[in-house]
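Per chain, numbering begins at 1; letters A, B, ... match sequence-line order. Quick caveat, the model's predicted, so the values are computed rather than measured.
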2 protein chains.
Amino acid sequence: MSDRAIRLLLADDQALVRGALSALLGLEPDLEVVAEVGAGDQVVPAALEHHPDVALLDVEMPGMDGIAATAALRASVPDVRVLIVTTFGRPGYLRRAMQAGASGFVVKDTPAAQLADAVRRVHAGLRVVDPALATDSLVAGESPLTARETEVLQAARDGSSVAAIAAKLFLSEGTVRNHLSSAIGKTGATNRAEAVLTADGNGWL
Amino acid sequence: MSDRAIRLLLADDQALVRGALSALLGLEPDLEVVAEVGAGDQVVPAALEHHPDVALLDVEMPGMDGIAATAALRASVPDVRVLIVTTFGRPGYLRRAMQAGASGFVVKDTPAAQLADAVRRVHAGLRVVDPALATDSLVAGESPLTARETEVLQAARDGSSVAAIAAKLFLSEGTVRNHLSSAIGKTGATNRAEAVLTADGNGWL
DNA sequence: AAGAACGCATGACAACTGTCACGGGCGAGT
DNA sequence: ACTCGCCCGTGACAGTTGTCATGCGTTCTT
């Protein structure tokens, strides 16, 4: 399996980072970047065209986020292994990424020298997970929020009032307040803003 | 001035991005990365030790942010030119960076091929500014917030209540409410949360 | 010296927010 | 069939928040 270079697909919305990662990985003789895309919904088409062995995906991307892209990729091109490379080590991201079929999860403040190794391990069929993040993920656990609570909190992220949220989701104001109150309780917050912050910080939104 | 490679200092808190940028710029024969640091307060010491020609600084960094690092660097090692390379194109960042003495300002979603050119231009004494961002900066203008309003809004970022903010800043609750109300008015928000978002989005915090 | 802008504070009012108790409907699992 | 959890809603209550008028002291500019 090793007389041919490992073919890589890079997906990151920041062109500079994408290009830089490409340069970094291109330095390794056994790695070859065959495609670069800047949006989640370009991942599958690019994979179909260039047949990469490993896809490095960011989570935060326009169009389709990296988690959804992972799922889509696994569904349509199962041979491709996915390594998530992201800025934010939110526990929920890790969990959801693995559930979506990712083989690895690396945060962007790991040393540059380790990235190539992570790629090789993923290509070899191993799983690569940041150890510190893995324990965080166990502690934080799955999102305790129900679908509606999540939706309401998402709508509250931009500082909307209860009335605005209710209008957007076609709910009564009282219902919105109930969902918010419940979400506040579950997140251990005292506040809507706090609840949004902790839920977001855990990758629950 | 051009028979010697341009010496670069890289500062970014994400090791992976730092290393990747280093690889990218290292591909250019006339550029040489002589130092890499991961925190703002390491910029000046590293510059004193390695005598770079150009420093590439991120804005978001632990210890000391890129803007403060720019000012410190210009003060202690005036020969070094500064190119800010950042994720967020907040108008206020641009303005403050230039006022702090930066020679250039590049967002991380500019094409990778342009970065080396930007470095060369900055080294040649030119100013490099993202055009779209420059106009935004003119529109958004300087922060309309007073020192106290800014401080109060910063304290409100984590969803603190009025009482908590008042306690933290040793103010009466009424005063905090007044400052908040004024900040809300100036930002065109209807809300504390909204005010925080727009102020933050403009780089006023 | 006067005015303007800022910071701090108080008190009062309306609006919004968070909580609670309660009820009904729906689907999943026992 | 029954329970459980989730969703939706109402109404009421206390607490918080945003606004406004007003006052005083300080600093900076004209």
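A straight line from CG of B:Leu153 to P of D:dT17 spans 14 Å, rounded to a whole angstrom. In this structure, the CZ atom of B:Phe170 is 18 Å from the P atom of C:dG7, given to the nearest Å. Remark: P of C:dC6 and CG of B:Leu171 are 17 Å apart, rounded to the nearest angstrom. The CZ-P distance, from A:Arg192 to D:dG18, rounds to 10 Å in whole Å. One atom, CZ of A:Arg177, and another, C1' of D:dC13, lie 11 Å apart when rounded to the nearest Å. Rounding to whole angstrom units, NE2 of residue B:His179 and C1' of D:dT17 are separated by 16 Å. Protein atom CD of B:Glu194 is 13 Å distant from nucleotide atom P of C:dC16, rounded to whole Å. Regarding A:Leu180, its CG atom lies at a distance of 15 Å from the C1' atom of D:dT16, rounded to whole Å.
A:Thr146 comes within contact range of the sugar-phosphate backbone alone, with a heavy-atom separation under 4.0 Å but no base atom that close. Among the heavy atoms of the strands lying under 4.0 Å from B:Ser161 are primed sugar atoms or P, OP1, OP2 only; no base atom is included. Contact annotation for A:Ala163: no contact, since no heavy-atom pair falls under 4.0 Å across all strands.
Distance from the side chain of A:Asn191 is smallest to C:dG18 among D:dG18, C:dC8, C:dG18. Side-chain atoms of B:Ser181 lie closest to D:dG18 of the nucleotides D:dG18, D:dC8, C:dT19.
Mapping B:Glu173 and B:Glu149 onto DNA chain C by nearest heavy atom places B:Glu149 at the nucleotide closer to the 5' end. Checking A:Ser172 against A:Lys186, the closest nucleotide of DNA chain D that is more toward the 5' end is the one next to A:Lys186.
In summary, the side chains of B:Ser22 and B:Glu36 do present a donor paired with an acceptor at a separation below 3.5 Å, with no hydrogens or angles considered. Side-chain contact of A:Thr190 with A:Glu194: a donor-acceptor pair under 3.5 Å is present, judged by distance alone. Side-chain N/O atoms of A:Thr150 and A:Gln154 include no donor and acceptor closer than 3.5 Å.
Residue A:Arg74 comes nearest to A:Val80 through the heavy atom pair NH1-O, 2.9 Å, listed as atom of the first residue, atom of the second, then distance.
With values rounded to the nearest 0.5 angstrom, A:Ile6 atom CD1 is found 10.5 Å from A:Arg81 atom CZ.
Within 3.5 Å, a donor on the side chain of B:Asn178 pairs with an acceptor on the base of C:dT10, or the reverse.
Considering only side-chain N and O atoms, A:Arg148 lies nowhere under 4.0 angstrom from the phosphate OP1 or OP2 of D:dC6.
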